[in-house]
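See below for the structure under consideration.
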Amino acid sequence: MTADADADVDFDVIVVGAGVAGCVSAFQLATAGRGVLLVERGAEPGAKALSGGVFYCRVMEQVFPGFVEAAPVERVITRNCLSFLNPSSFVNIDYGDQRLASPVNAVSVLRAKLDAWLAEQCESAGAMVMPGFRVDRLLIEDGQVRGIGAGEDELRCKVVIAADGVNSFVSRDAGLRSKDRTNHLAVGVKSVIGLDRAVIEDRFNLEDGQGAAYAVVGDCTKGVGGGGFMYTNLESVSIGVVLRLDDLKRRGASATDLHDGFLNHRFVAPFLKGGELLEYGAHLVAEGGLAMIRDLVKPGLVVIGEAAGLALNTGLTVRGMDLAAGSAIAAARAVDGALEAGDYSPATLGEYRQSLQECFVGRDMETFRRAPAFLEGTRMFNDYGPLLADVFHGVYNLDLRPRRHLLKTARAALRSSPVGWLDLARDGWNALRAL
Amino acid sequence: MNLGTITERLARNRYELDGVSHIEVDQEAARAAGLGPVLERICPAHVYSVGPDGLIGVLWAACLECGACLAVAPPGVLTWHYPAGGTGVLYRLG
């Protein structure tokens, strides 16, 4: 990097995408006194954002102390329910715990509101926020990224941070990613159903302001890899399905049919009764785990958040926003160091990759690296729900025949299930190691 | 609950349209790859429909900009990018 090239820049840093990752990095760098431009293709920040969305938000305290009180979050999640759903039965593992409320561990969010607030914080910290701006290309000279272009506009900077989401055209343009395999990608289809605040708290058995998060497998996707989700907001419920693209393609199923079937399922519909559809949306989900993470650094460029493939489905928790924030913190630190040194080579910016690996983001991606392969197995989606229901049916269905101990009841259920003993042992072992 | 047809659902969303399509299909290549029926099923907004002549119709204005179509299409069959800055779907909740 020569002094000449440094002199004609418009900004120190240009951040592409005003989502969680982009806003956190822009805020950190603006707070450090750097000249930051945050560009966003939506007419306003949040206009293009869609999450499930449970935000495991502890990380945000590092950036915005008092985040939960100040930010427009919906409910504090104190109930987590894993539901095995069958056509005419279900088995739930329903976990409620007030310890999850203090300190707050997770909140439900509606991204259009949250991202608008995050972008406001960036503006207050001195960043320039430019919505309605779609980046068409990177300015690359001698292999070094030197800015962004949109139509005839060109803006130059020392470092570009790509936070442009799961489709990240910026990192494609930089040659940092080839096409993702379709078993690494899933399509999320979501409806937001408006309901009275009190009705939600009654139906989901919630204290005032607290919320529930349901993760559902089985009949909600009719055997297609993926699952259903249902999260309570203050005055609405976010509900939908996430469907692995390879399986959806192969099985000839329709994404909207599966979404509609889930919402109208006999055990789901009562939660939504009398509600009104407020919004219908879709979003691609990165499900490949660690295998999907690609090279994250190029001279003058770092890639963060979903654009970097940072998303994690452990079967029990579905995470993206916390990983986005964690990667943004790591990137902001590395970029600040590079600006200090006046060196934007991968050697210096590579500090980002290093600290990402060392923080909770890299550690968790590593820990759960086997989860995607495990969850790809079809027994999880097709067979375990009915098997569990058969065990409990054997326990509760007192049909005047002599009762048997639980073990014998379970053995009988297993005999009539396509799941064999060996499958059960193998899956049990793998689940404990992968999840 | 009655969710309504996809058209009725999308009518509740907000869109800002500039009259320019952001999606192009290479009809020959799509036919050869048998892509039409796949797109019909996968797109949550029902942007794609295969006509009686086998051609794929593209109702680009309904697009929710998820990118699922691009992910399943073989390289070169579909040209799909985001609509111009400030246009397309505008989530109020997200």
Side-chain angles (χ1 to χ4, degrees), chain A residues 39-44 46-51 53 110-115 131-134 136 150 166-167 169 179-180 182 185 187-189 191-193 233 236 238 243 245-246 248-249 252-257 259-260 263-264 269 272-284, chain B residues 1-18 20 22 33-49 62-94:
Chain A
V39 297
E40 161 58 43
R41 71 184 181 89
E44 51 219 53
K48 301 293 183 184
L50 188 131
S51 287
L110 292 166
R111 291 287 302 278
K113 299 177 187 179
L114 177 66
D115 292 15
F133 189 98
R134 183 192 69 190
D136 293 335
V166 65
N167 287 307
F169 288 99
K179 197 165 164 155
D180 299 306
T182 48
L185 289 169
V187 60
V189 189
S191 287
V192 183
I193 309 291
N233 303 312
S236 62
S238 292
L243 308 162
L245 284 177
D246 60 328
L248 191 59
K249 196 172 169 182
S254 142
T256 46
D257 285 353
H259 165 275
D260 295 6
L263 270 66
N264 286 309
L272 310 175
K273 195 177 165 197
E276 184 199 0
L277 177 69
L278 301 179
E279 195 169 78
Y280 174 80
H283 187 90
L284 216 54
Chain B
M1 66 182 292
N2 183 15
L3 293 159
T5 63
I6 292 294
T7 313
E8 286 164 354
R9 283 175 222 188
L10 297 176
R12 291 169 179 266
N13 288 356
R14 232 178 97 204
Y15 288 90
E16 183 70 45
L17 301 172
D18 63 355
V20 182
H22 61 287
L35 190 62
V38 177
L39 293 178
E40 269 188 329
R41 289 190 290 103
I42 279 177
C43 174
H46 293 194
V47 164
Y48 302 94
S49 58
C63 182
L64 295 166
E65 300 167 32
C66 68
C69 55
L70 185 63
V72 298
V77 179
L78 198 67
T79 310
W80 187 94
H81 54 79
Y82 288 133
T87 72
V89 68
L90 269 123
Y91 289 119
R92 286 160 301 174
L93 300 170

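In what follows, every heavy atom counts, from backbone to side chain, and hydrogens, waters and symmetry copies are set aside. Owing to the predicted nature of the structure, the values given are computational and were not obtained by experimental measurement.
Interface remark: of the candidates A:Asp257, A:Ile193, A:Leu114, A:Asp246, A:Ile193 forms the most heavy-atom pairs closer than 4.5 Å to chain B.
The minimum heavy-atom distance between A:Leu110 and B:Gly94, with the atom names listed, is CD2-O, 3.5 Å. Contact detail for A:Leu284 and B:Cys66: the closest heavy-atom pair is CB-O, 3.4 Å.
Once rounded to the nearest 0.5 Å, the distance linking CE of B:Met1 with CG of A:Leu277 reads 6.0 Å. Atom OH of A:Tyr280 is separated from atom CG of B:Leu64 by 7.0 Å, given to the nearest 0.5 angstrom. We find the CG-CG distance between B:Leu70 and A:Asn167 to be 7.0 Å, quoted to the nearest 0.5 Å. Here CG of B:Asn2 is found 11.5 Å from CG of A:Leu263. Values are rounded to the nearest 0.5 Å.
Looking at A:Ala49, the atoms closer than 4.5 Å to chain B (heavy atoms on both sides) all sit in the backbone: N, CA, C or O. With a threshold of 4.5 angstrom between heavy atoms, A:Glu276 approaches chain B through its backbone and through its side chain. Looking at B:Glu16, neither its backbone nor its side chain comes within 4.5 Å of chain A, counting heavy atoms on both sides. Contacts of A:Lys273 with chain B are absent, with no heavy-atom separation under 4.5 Å from either backbone or side chain. For chain A, the nearby part of B:His46 is the side chain; its heavy atoms alone come within less than 4.5 Å. Using a 4.5 Å cut-off between heavy atoms, A:Phe133 touches chain B through its backbone atoms (N, CA, C, O) alone. If you measure heavy-atom distances from A:Leu243 to chain B, you find no contacts under 4.5 Å at all.
Although no hydrogens or angles enter the test, the distance criterion places a donor-acceptor pair under 3.5 Å between the side chain of A:Lys48 and the main chain of B:Val89. Checking side-chain atoms of A:Glu279 against main-chain N and O of B:Tyr91 turns up no donor-acceptor pair under 3.5 Å. In this structure, A:Arg41 contributes its side chain and B:Tyr82 its backbone to no donor-acceptor pair below 3.5 Å.
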Below 3.5 Å, can you tabulate the donor-acceptor pairs from side chains in residues 36-43 of chain B to any protein atom, sequence neighbours excluded?
from: B:Glu40; atom 1: OE2; to: B:Val50; atom 2: N; distance (Å): 2.9
from: B:Arg41; atom 1: NH1; to: A:Leu248; atom 2: O; distance (Å): 2.9
from: B:Arg41; atom 1: NH1; to: A:Ala253; atom 2: O; distance (Å): 2.7
from: B:Arg41; atom 1: NH2; to: A:Lys249; atom 2: O; distance (Å): 3.0

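Residues passing the ring-ring contact (aromatic ring centres under 6.0 Å, His included) test with B:Tyr48: none are found, sequence neighbours excluded.
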Checklist entry - Are A:His259 and B:Leu3 close enough, and set up right, to give a side chain to side chain contact (heavy atoms under 4.5 Å, CB included), and what steps lead you there? => result CA-CA 10 Å; A:His259 165 275; B:Leu3 293 159; 4.2 Å; yes
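Counting only heavy atoms from C-beta outward, the side chains of B:Pro44 and A:Val187 approach each other to under 4.5 Å.
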